[in-house]
Structure formats: structure tokens, C-alpha cells
Amino acid sequence: MAGVDATLLKDLDRRGLINQATGDGELTQHLTESRTLYCGFDPTADSLHIGSLVPLLTLKRFQAAGHKPIALVGGATGLIGDPSFKTQERSLNTPEVVSGWVEKLKRQVSQFIDFDCGDNSAVVANNLDWTQDLNVLDFLRDVGKHFSVNNMINKESVKQRIQREGEGISFTEFSYMLLQSMDFAELFKRYNCTLQIGGSDQWGNITGGVDLARRQHRGKVYGLTLPLVTKADGTKFGKTESGTIWLDANRTSPYAFYQFWLNTADADVYKFLRYFTFLSVDEIDEIEAADRERAGKPEAQGILAREVTRLIHGDEGLAAAERISRALFSGDIADLSESDLEQLRLDGLPSSVLPADFGGQSLINLLVDAGMAPSGKPVKDALGRNAVLVNGQAVGMEFNADPAAVFSADRALCGRFFIVRLGKKKYHLFTLES
RNA sequence: GCAGGGGUUCCCGAGUGGCCAAAGGGAUCAGACUGUAAAUCUGACGCGAAAGCUUCGGUGGUUCGAAUCCACCCCCCUGCACCA
């Protein structure tokens, strides 16, 4: 068996990754031997987003330290919906939809952990396996009996739903905790899994499982929660104007993903390096010190973007993201060769083909149709402020009715390409029909 | 079922007959400044290039005119009752 890195918890602590743990510090002792731990991911979409990245990477950290990770995909819990800290009851998804998502998440989660490294190889589990045939009476007698409703309604995670005027909670969602608790007890029985990790919102569900494992199997198991990722300016982490940042390249291109991290605020970037990369804390401290020393533009964002993009999208995804970023944000667009431009499209820069005849289409319309803006208003605003650049040339409102003049062959790069920039950061590649 | 409270533009939340596309805040977008930051300032923020058009749970109605009044309906919340 591979040696166990007993300093793991200390490292997690230095990274700020420990929010709360059960067992009064016994966990450190517990982890001096190779253990099995799990973290659950519920299928609420066909891909995870970066909100799940912290627990996902923490599983990886545990595995690197010699422990055996189980990634649990919630085929069952996904059918119910976790009420923890949610302000509203959510609508149920159909079993077919959820099982489709389960398959996708299984694949996605599997990219992060090693399934072929001997004794601590990872396992992917689905809690539907031990719940779908469970009989209601057995459930109520064997599981329900161990839970006190008095206790459950006092949980902080459901308080909003219990106390707040205007919202309620269904029995279905209220029961969620029992299902998750069962998972822990079950994994303890099946795999001798003795640790569950999760976001800080999972504390109530995790302690529920700790108690159930003890009551059902007299098992001594532990829970550890990770902090919720917050931003210094108080806005929600993981969202941009174009929506959630997903891990699936089909939903969020490696380029957009890379740009997301590159735009991290100074106030957050060192924390994020500790959360989201495998660079050592010492290395990160050095980066921070060097940035402070130098003043001006920090290096940290670039390092963060590179590290995380490589982690999620691999070397190729990173290379593509960097190629696009370099081409668009530094240097002269006019210097790009035809193959460079072609490559941008292959790399995932949003692109579309211009129609041969513009008909009566306005320029605003064309850009909206290409997906550069949700409606005409922002484009109009940008046109009025010289914030629309076609191949580096500002285009004003007066061209709105005359897209043919803007997208004429003699103004195209290499005879057929137009790079349109809207605002500071939104780019789109148009090509003339050949 | 009864009683009470409530459903407003992405979110929170004002508005209770015309001056309302609807205060204020947040989020978001654009500009200036910068480092593809932050802070700050400016502008935008239902749709539309514009003229104009469509909104305030739904449907009808009253009115010259309704988010605002009336009727019915749907949904949510709180309490009570019924059931057991």
C-alpha cells in the first residue's frame, strides 16, 4: 500500500479548505492510515459547474495523500432535491432525465480521480442502487426511526423553509437528509467508508449520516465540510453575464473557462489558487509576495487560469484558450494569418457564417443573432459609444442599416474573416460565405 | 373547507385610478480611468434602429383611462377545522 501523507489535513487547513469537522480533532489520528471517503454529487444538470470543483479537487487531494475516494452520484437523491439552504421548493425532474444526467456526471467525475492506482483506486457509486428497491415500511422502520423530527426542524439548513413567511417545505424535500444519511451508512457497510466530505451547506446532511452509521452499524465515521467559495465583493461565485461556468466544454468553452479565471479579482486570486490548484501553499505565498513586490499587474490570475484550465480541459484545451486569448487581447489582429484565424474557430472562439445577402437585416440584428448580446439594446448602446470594433475599426450607429458596407470583402481579413469585438471582452468571428 | 396574508419587470422590493415601462437597491452591460483588475464617475437596463408595441398570477368587467376598483379562477403562505 502506498504511504499515507499524514500532513494532509494540515495542508487543507493552510489552504483554508476546512470549514468544520466532526470528532473533536480525532480525524487527524484517523487519517494516519489509508481510509475510504466519499463525496456526493447530485444530478441537477447534465454537467457539474465550478461550484463542485472544490469538493471534487479535495477528493483528489485525499487520493493523492493515499486515501480511497468514492464519488457518489446521486441517482436517488437527485430525484428528491436537497432543500439545504434553498429558499424555494424545487420542481422534480423525471427519472429518465435524472438517469441521463447520472451517466454524464459519472463520466465527468471520473476524469478527476484515479481508478487504477492499487488499493486506493477510486470508485464511482450511485445511491439509486440501494434505494430503488427499498420498501417504504422498511425505510420508515429502519431509517426513519433513528431521526428526530424535533432535531431536523432545528437544522439551520431548513430554517428558512420552516420559519420564513411565504415559503414552505414538502415532506419529500424534508426527507432528503434521511436519504443522504443512508448513503453514508451504506457506504460504511459496503466499503468501510469512514469519512464524508462536502460543502459547508452539507453539514446537516453529513452529521445525519454520522449518527445513522453509528446507530445502525455502530460505526465510527467522520464528516468534514469545505468552505463555500465566496468573492470579496460579495457577488456570487461562478456566474458571469453569460451564466454559469460549467465543467463541460460543450457548455463553457475552454476559452471562456480560461477567461473566467483570468478575470479573478486581486482580492480573491490567492485564495482561489489555494482552493483550486495543486500548487503548494508555499509556492502560492511566493507568488503573492512577488506580485506585491512588483506592483502593477499581478501574475497570479494568469497562473490560476492556466492551472485550472489544464486541470479541467487538459493541455490541449489550455493551449487553445491561450491561443485565442493571445490573439485577441495582445498584439494586432491584423497580423493574424489565415491559418491563425482558422485555428481560432477550431479553438472554440464563437463564430458564424455571414449570409450572402443581408436583406434588410440591421447590424444590430446580425450581432444579436450571432449570440453576442441577448437583445439589441446593449448593441445599440455599444454602437453609440464606439464600442463595436470590426477588425479593430470602430463602427458607429450610422452603419446599423448598412451591414454590407461593414462586412465587405475588401475590408475582410484574408479576404473573408471579420473579428467583431463588442465591448471590452466579447468577441465573435464572422466569415464570409465562400 | 373556513379565516387571514400574498402573487409587480433577472432578484429584493415600492406603487393602490391618470404624471407608470412602473420608485429604490442589488445583479448585469457599456463608456471614462486602468492591469482584459479594484474603487470611482457616467450611461443603459421589457421588446423595437425608430415610429411604436407588449407587461404588473389568469380571465372577464367597471371606467375616457387600471398594476391600482369589481367578479370569478389558479398558485403560495399562516392558522383553524374536517378526516383519521
Side-chain angles (χ1 to χ4, degrees), chain A residues 86-91 153 158-170 173 230-245 255-273 288 290-292 294-306 309 321-331 333 349 358-369 371-389 392 394-403 405-406 419-427:
Chain A
K86 302 283 188 328
T87 54
Q88 286 190 326
E89 180 89 10
R90 288 180 297 167
S91 50
I153 54 181
V158 293
K159 223 170 205 161
Q160 281 196 76
R161 300 282 290 280
I162 305 275
Q163 297 183 343
R164 184 179 161 180
E165 189 92 1
E167 291 300 337
I169 183 167
S170 66
E173 284 197 8
T230 56
K231 294 204 294 177
D233 64 8
T235 57
K236 202 167 157 65
F237 169 76
K239 302 269 189 203
T240 66
E241 75 276 15
S242 40
T244 305
I245 305 295
Y255 162 68
F257 189 84
Y258 176 88
Q259 284 289 324
F260 169 80
W261 294 102
L262 196 64
N263 281 295
T264 303
D266 293 4
D268 294 319
V269 71
Y270 305 102
K271 177 169 87 174
F272 286 4
L273 279 169
E288 184 168 4
D291 277 344
R292 221 193 336 260
R294 178 166 1 87
K297 189 177 180 177
E299 301 266 302
Q301 279 87 347
I303 297 168
L304 178 67
R306 260 196 305 285
T309 307
E322 287 191 308
R323 270 197 301 272
I324 299 178
S325 299
R326 234 189 337 265
L328 298 182
F329 290 100
S330 60
I333 289 173
L349 180 67
F358 296 107
Q361 277 230 83
S362 63
L363 183 56
I364 291 179
N365 236 297
L366 279 167
L367 300 193
V368 171
D369 284 352
M372 295 192 75
S375 81
K377 279 276 159 60
V379 182
K380 186 189 156 198
D381 181 51
L383 281 172
R385 292 164 181 272
N386 284 329
V388 174
L389 274 66
V395 174
M397 195 63 201
E398 66 276 14
F399 286 99
N400 183 39
D402 192 12
V406 177
I419 291 179
V420 176
R421 186 178 115 179
L422 176 65
K424 224 167 281 186
K425 296 171 192 170
K426 277 192 284 288
Y427 285 94

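Within every chain, numbering begins at 1; the chains are lettered A, B, ... in the order of the sequence lines, protein sequences first and strands thereafter.
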What integer number of Å spans the [atom1] atoms of [N] and [M]?
N	M	atom1	value
B:G13	B:C64	C1'	32 Å
B:C45	B:A30	P	15 Å
B:U9	B:G15	P	16 Å
B:G60	B:C11	C1'	32 Å
B:A67	B:G17	C1'	11 Å
B:A51	B:U42	P	26 Å
B:A3	B:A84	P	23 Å
B:C41	B:G48	C1'	30 Å

Check every atom of [options] against the side chain of [X] and return the nucleotide holding the closest atom.
X	options	value
A:Pro378	B:U36, B:C29, B:C47	B:C29
A:Arg385	B:C29, B:U42, B:A37	B:U42
A:Lys425	B:A30, B:A37, B:C47	B:A37

According to the Watson-Crick and G-U wobble definitions, with both distances under 3.5 Å, which nucleotide is paired to [N]?
N	result
B:G65	none
B:C29	B:G43
B:A14	none
B:A49	none
B:C2	B:G79
B:A71	B:U59
B:C19	none

Whether the side chain of [X] and the base of [N] hold a donor-acceptor pair under 3.5 Å is what I'd like checked.
X	N	result
A:Lys426	B:U36	no
A:Asp266	B:G35	yes
A:Gln259	B:U36	yes

### Task
Only one of A:Leu304, A:Asp268, A:Thr264 passes side chain to side chain contact (heavy atoms under 4.5 Å, CB included) with A:Leu273; say which it is.
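Going through the options one by one, the only one that passes is A:Leu304.
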
### Query
Would you say the side chain of A:Leu328 lies within less than 4.5 Å of the side chain of A:Tyr255, judging by non-hydrogen atoms?
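A:Tyr255 reaches A:Leu328 side chain to side chain.
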
Under 4.0 Å, heavy atoms only, any strand: does [X] hit a base, just the sugar-phosphate, or nothing?
X	result
A:Ala387	sugar-phosphate
A:Pro374	nothing
A:Lys380	sugar-phosphate
A:Ile364	sugar-phosphate

### Query
RNA chain B: A:Lys424 or A:Met397, which has the more 5' nearest nucleotide?
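Whichever sits nearer the 5' end wins; that is A:Lys424.
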
### Query
Starting at the 5' end of RNA chain B, which residue's closest nucleotide do you reach first, A:Gln301 or A:Gly423?
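The residue whose closest nucleotide sits nearer the 5' end is A:Gly423.
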
### Task
Identify the heavy atoms of A:Pro374 and A:Val368 that sit nearest to each other, and give their distance.
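In terms of heavy atoms, the two residues are closest at O-CG1, 4.2 Å.
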
### Shortest non-hydrogen contact from A:Gly376 toward A:Ile364
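Looking at all heavy atoms of both residues, the closest pair is CA-CG2, 3.6 Å.
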
d([atom1], [X]; [atom2], [N]) in whole Å:
X	N	atom1	atom2	result
A:Tyr270	B:A38	OH	C1'	13 Å
A:Tyr255	B:U36	OH	P	13 Å
A:Phe329	B:A37	CZ	C1'	13 Å
A:Phe260	B:U28	CZ	P	12 Å
A:Asp291	B:A37	CG	C1'	12 Å
A:Arg421	B:U36	CZ	P	10 Å
A:Asp369	B:G48	CG	C1'	14 Å
A:Ile419	B:U36	CD1	P	18 Å

### Query
Given B:G48, is OP1 or OP2 found less than 4.0 Å from the side-chain N or O atoms of A:Ser375?
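Yes, because at least one side-chain N or O of A:Ser375 sits under 4.0 Å from OP1 or OP2 of B:G48.
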
Sub-3.5 Å donor-acceptor pair from the side chain of [X] to the main-chain atoms of [Y], do we have one?
X	Y	result
A:Arg421	A:Gly423	yes
A:Lys271	A:Thr230	yes
A:Arg294	A:Lys297	yes
A:Asp266	A:Pro298	no

